Amino acid sequence: MPADAACDSRPSIRVYNTLSKTKEPFLPLRPPRVGMYLCGPTVYAESHIGHMVGPVIFDTIKRFLTYCGYDVTFVVNITDVDDKLINKSVERGIPMSQIAVEMTADYLANLKELGVNQINHLPRATDHMDQIIAFIGSLEEKGFAYAVEGDVFFDVTKDAGYGQLSNRSVDAQQGEGGGAAAKKRNPGDFALWKSARSGEPSWESPWGDGRPGWHIECSAMSHEILGETFDIHGGGLDLMFPHHENERAQSTCCHDAPMVKYWMHNGLMRAGEKGKIGGKSDREEPTPETVEDAASGKISRSKGAGGLAELIRTQTGERIRFFLLRTHYRSTIIYNDETLAEAGTSLEAFYRFFDRFAEISDQSFYALEAPRRRSEGDFDPGQDSLIQEIHTIRTKFLAAMDDDFNTGLAISVLFDSLRSLNRYIDAEKLNATSDPASPAVVRLVRATTVIAELARVLGLFVRPPIAAGGDESASELLDGVVRLLIELRKEARERKDYATGDAIRDRLSALGVALLDKKEGTSWERSS
RNA sequence: GGCGACGUGGCCAAGUGGCUAAGGCGAAGGAUUGCAAAUCCUUUAUUCGUCGGUUCGAAUCCGACCGUCGCCUCCA
């Protein structure tokens, strides 16, 4: 089988490469295979919403590439040994490994709630000590690294390409003072291996007991799983320097080959003026005052950001995923309660349409059998106007995704489809009494199936929404109670007692329950 | 100080040289409704931080300025 056929021959995808600062045609090294690595968390504290930007966009990128016929291996690392973890361990008086296990569980639970389920490998640094040590040994052997009193440093002057990714010169590196600086040959050199201090977690190595420096775990693990050169490396803009610059230096020098073909960086999340979390910098000493006073800034753990699990409970994971995908991945996303709530309001229109669709067609939107491959989804629109509109929407949607994964534009196209479909339902006067086998309904199902195909590329609307902020048994109880009130109201209205009927509706409305009267009966939804 | 990003209607947000500047939220009017909600239709930026420049033509390219933000490395 020719490789090109397997990936639908899709030369149309373009990717913004941080290294070249341009959009480049996406041409993977070994089609249809694609290797993609995303820098995951250092698991020393609960995740906050800002940590989800990368996972959600790269999860979506994998979905789209898979849809286009590629076979993607998606790796997200877990850094579970680091100074912050050690500090936390001392602070809490429990082993570092326990903190790592707890926080990894938190991270993974959050990913699941946001529908991030495309990851193939989640390698942990502490499970790859052999590879890390071998990697450092190889760099030392080749003359790129040097050992001093149990520490090993990377010599940045030995890497001709150092600084290309983040556009910095070696000379401009200031470096900090402190103990390690005296051992370094150049201020910009960075640690590959750090000698152990008493009481710290450590591993045996040729340079004595110690632990890996930051950066090396990503070089070692990406090499282990994806090879010397792979297609996509992603991460937040804040990781471009020093983390990715140093990873790139280590890997290219060790293997004498490019590490990555496409470097992709997502924008950072910022708390808006009304946001409660934010601050100037991770490095700044966190104080209660800055948590309270900071009007804006990059969302960070040190400023008290966290509690994503709670946010998901009140907002739902899908709402957060939609909120993140609404903005282009390279832009700054401004977070505050209002913008997140607005995203939720927007989603309601989709959910209402899905309800409407189910009543008319006797089918669940979520159960529709939609094409999973772009080539399978291609169709001839023919002469029917609804199908033509949907075909145009599909074309626009795919063009947006082809252009550097423009999910915000793709979502706006989905809104257009909503209008087309609702207009069609109104014009055809379709309702719960319509015959599901009638041509008008069959046409609706066909058009809606295209929307399911596209939405699933974004990882949206893959399963029925869960009511925000409630557990299941409470939701069932509420549903029963509201249905009872709907019945009483119906009886009142049948005897023209509108005062009672309206009182029931208004008081439910005040409680956040909206009633929707239709020809076939009344349904309800949370309006909050 | 060095490097970089951004500034589009009340709010969020696409658009990077050329049809009438997407879409969402909000708001206003209409159709529908017992009244609402939902849905549909219409309206809501002669204008894209400011000032210049290039061009037949710029939100889009160039320069300056104003403003916002990020990075400038672990053991501080």
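Worth saying up front: this structure is predicted, and the values here are computed from it rather than measured. Chain letters run A, B, ... following the sequence lines, proteins first, then strands; residues in each count from 1.
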Self-check item: A:Arg185 NZ/CZ over A:Phe153 ring centroid, <6.0 Å and within 45° of normal
Solution: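 No, A:Arg185 does not lie over the aromatic ring of A:Phe153.
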Between [X] and [Y], is there a side-chain N and carboxylate O pair less than 4.0 Å apart?
X: A:Arg493; Y: A:Asp502; result: no
X: A:Asp355; Y: A:Arg352; result: no
X: A:Arg211; Y: A:Asp83; result: yes

Tell me which nucleotide, if any, is Watson-Crick or G-U wobble paired with [N] when both distances must be under 3.5 Å.
N: B:U33; value: none
N: B:G26; value: B:U44
N: B:G7; value: B:C66
N: B:A58; value: none

Quiz prompt | Closest nucleotide among B:U68, B:C40, B:A14 to the A:Asn406 side chain | solution = B:A14
Exercise. When you get a sec, tell me which of B:A14, B:U73, B:C25 is the closest nucleotide to the side chain of A:Phe241?
Key: B:U73
Quiz item: Taking for each residue the nucleotide of RNA chain B with the nearest heavy atom, is it A:Arg197 or A:Tyr329 whose nucleotide lies nearer the 5' end?
Solution: A:Tyr329
Quiz item: Between A:Arg423 and A:Leu237, which is nearer to the 5' end of RNA chain B once each is assigned its nearest nucleotide?
Solution: A:Arg423
Self-check item: Identified side-chain hydrogen bond (donor to acceptor under 3.5 Å, both in side chains) counterpart of A:Tyr329 within the set A:Thr407, A:Asp404, A:Asn406
Solution: A:Asp404
Practice problem: Starting at the 5' end of nucleotides 28-37 of chain B, put B wherever the base has a protein heavy atom under 4.0 Å, S where only the sugar-phosphate does, and a dash everywhere else. | Solution: ------BBBB
Self-check item: Output field: ring centroids A:Phe461/A:Phe354 closer than 6.0 Å
Solution: yes
Just the atom pairs and distances: protein N or O near nucleotides 18-23 of chain B's N or O, under 3.5 Å.
unit_1 : atom_1 : unit_2   : atom_2 : d
B:A22  : N3     : A:Ser412 : OG     : 3.3

Self-check item: Distance test, side-chain N/O of A:Asn422 to OP1/OP2 of B:C40, below 4.0 Å
Solution: yes
Quiz item: Does A:Arg356 make a side-chain N or O approach to OP1 or OP2 of B:A38 shorter than 4.0 Å?
Solution: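 Indeed not, no polar side-chain atom of A:Arg356 lies that close.
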Quiz item: With sugar-phosphate meaning primed atoms plus P, OP1 and OP2, does A:His328 contact a base, only sugar-phosphate, or nothing at under 4.0 Å between heavy atoms?
Solution: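 Counting heavy atoms under 4.0 Å across all strands, the contact made by A:His328 is with sugar-phosphate only.
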Practice problem: Report which part of the nucleic acid A:Ser331 touches: base, sugar-phosphate, or nothing (heavy-atom distance under 4.0 Å, all strands). | Solution: sugar-phosphate
May I have the distance from [X] (atom [atom1]) to [N] (atom [atom2]), rounded to whole angstrom?
X: A:Leu340; N: B:G24; atom1: CG; atom2: C1'; result: 14 Å
X: A:Lys184; N: B:A76; atom1: NZ; atom2: P; result: 12 Å
X: A:Leu239; N: B:G4; atom1: CG; atom2: C1'; result: 15 Å
X: A:Phe153; N: B:U73; atom1: CZ; atom2: P; result: 15 Å

Quiz item: Considering residues at least two apart in sequence or located in another chain, which fulfil the side chain to side chain contact (heavy atoms under 4.5 Å, CB included) criterion with A:Thr345?
Solution: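 Result, side chain to side chain contact (heavy atoms under 4.5 Å, CB included) vs A:Thr345: none returned.
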Quiz prompt | Minimum side-chain heavy-atom gap A:Val15-A:Lys23 below 4.5 Å | solution =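 No - every pair of side-chain heavy atoms lies 4.5 Å or more apart.
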